[in-house]
Trainee: 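My questions all concern the structure below.
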Amino acid sequence: MRNPGWIDLQVNGCSGIDFSSPELTGDDFLRAAERVLESGTGCFLPTLITSPFGLYRRNLGVIRRAVVRHGLEREVPGVHLEGPFISADPGAAGAHNPDWVVPPDPEKVEALLDLEPGFVRLVTLGADAENAAGAVRLLRSRGVAVSVGHHLADSGEIAAAADAGAQALTHLGNGVPGMVPRHRNPIWAGLAEERLSAMIITDGHHLPPELIRVICKVKGAAKIIVTSDASPGAGLPPGPCRVFGSDAILEPGGRLYNPATGYLAGSAVMLAECMRRLESLGIFSEAELRMAGRDNALKLIGPA
Ligand SMILES: CC(=O)N[C@@H]1[C@@H](O)[C@H](O)[C@@H](COP(=O)(O)O)O[C@@H]1O
């Protein structure tokens, strides 16, 4: 499979560098960006997980200044805010700190977007948040792409988000409690909502092959977006490490998890590896892989 310059909408950091850390510096960001780009990713959205407002103010500025200073606007066209408007339920929040979850009030949404105008390109919010549909409409009116996830939303709430202009589902199959009702749960509801693309993490640990196959078959190649969800642990040697301010363990096989909660804490690989793993399942042709690893992501966030 030829690498067309993969586009990764979800990169939380790598090599011990956390884009959501209160200590992130411009040089840290550039070091991490260099590793991401040399791995075969042509363009990516640094992703900030659920954080206090002051952290967004600080880190959006740090990242934007570093990008501009080094002329990386094509490679890093903006950021993905994964939260803070998600569900605080422990299974839905996953690696996110529920203490920083807030409802998507219009003033809060506007305040976040106004920190670095035009720099937020994608927001993940919970479709079960209070007035989620209003927030989706507001974000879309400001030119921001919206994906829903980290929620316990039912099919009605997911449909309402799609009616309001949401375009995708963030890491479908992850960011839900370990045990869910067998028929009515956010995975089936997201799978069944034909208007929404499915972002999926194909790192070999987040989803079993049979679920990847089902999601790809149901959504079709035009509605699949592979993301790495690479975390600060990506690129580190196996063993204990720090991820999103918590202790984590990176197993020799590449599984990265928080031992206190048992939840995965992002992935340990970049998008090129996720694409190789998806290719090895034999579901998609080369042209379809290019859609899932590049074209659909570009379509989602639109031109810079
Ligand atoms: C940055 C981020 O949010 N990553 C999520 C994590 O929060 C969630 O816990 C995990 C497993 O989800 P699961 O336990 O529902 O499979 O998927 C992703 O790694």
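Counting convention: from 1, in listed order, for ligands and their atoms alike. Quick caveat: nothing in here was measured; it's all calculated off a predicted structure.
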Trainee: Going by the order shown, which atoms of ligand 1 are within less than 4.0 Å of some heavy atom of H171?
Mentor: 3 (O), 5 (C)
Trainee: Do the numbers put R57 on top of the ring of F53, so that NZ or CZ is under 6.0 Å from the six-membered ring centre and no more than 45° off the axis?
Mentor: no
Trainee: Out of the candidates L256, L264, N258, only one should pair with V243 under the side chain to side chain contact (heavy atoms under 4.5 Å, CB included) rule; please name it.
Mentor: L256
Trainee: Is it the side chain, the backbone, both or neither of D229 that has a heavy atom closer than 4.0 Å to ligand 1?
Mentor: side chain
Trainee: How far is atom 10 (C) of ligand 1 from its nearest protein heavy atom, and which residue and atom name does that atom have?
Mentor: L264 O, 3.5 Å
Trainee: N/O to N/O below 3.5 Å, does that happen between I201 and ligand 1?
Mentor: no
Trainee: Is a donor from one side chain sitting under 3.5 angstrom from an acceptor on the other, for H80 and T124?
Mentor: yes
Trainee: On a heavy-atom basis, I'd like to know which of G262, A95, A230, G175 is closest to atom 12 (O) of ligand 1.
Mentor: G175
Trainee: Nearest to atom 19 (O) of ligand 1, what protein heavy atom do you find, and at what distance?
Mentor: H206 NE2, 2.7 Å
Trainee: With heavy-atom distances below 4.0 Å as the criterion, list the atoms of ligand 1 near G94.
Mentor: 7 (O), 9 (O)
Trainee: Test your reading of the structure: does G91 have an N or O sitting under 3.5 Å from an N or O of ligand 1?
Mentor: no
Trainee: Write out the residue and atom name of the closest protein heavy atom to atom 3 (O) of ligand 1, then the distance separating them to 0.1 Å.
Mentor: H96 NE2, 2.8 Å
Trainee: Quick one: look up the protein heavy atom nearest atom 14 (O) of ligand 1 and list residue, atom name and how far away it is.
Mentor: Y263 CD2, 3.4 Å
Trainee: Check this for me, if you would: do R276 and E273 make a salt bridge, where the nitrogen-to-carboxylate-oxygen distance has to be below 4.0 angstrom?
Mentor: yes
Trainee: Is there a polar contact, in the sense of an N or O pair closer than 3.5 Å, between A265 and ligand 1?
Mentor: no
Trainee: Of all the atoms in ligand 1, which lie at a distance below 4.0 Å from a heavy atom belonging to E82?
Mentor: 1 (C), 2 (C), 3 (O)
Trainee: Could you walk me through whether W6 and M275 pass the side chain to side chain contact (heavy atoms under 4.5 Å, CB included) test, one step at a time?
Mentor: CA-CA 9 Å; W6 304 121; M275 292 308 298; 3.8 Å; yes
Trainee: For ligand 1, which atoms, with element, lie under 4.0 Å from some heavy atom of H150?
Mentor: 3 (O), 7 (O)
Trainee: Which residue and atom name correspond to the protein heavy atom nearest atom 16 (O) of ligand 1, and how close is it?
Mentor: N174 ND2, 2.7 Å
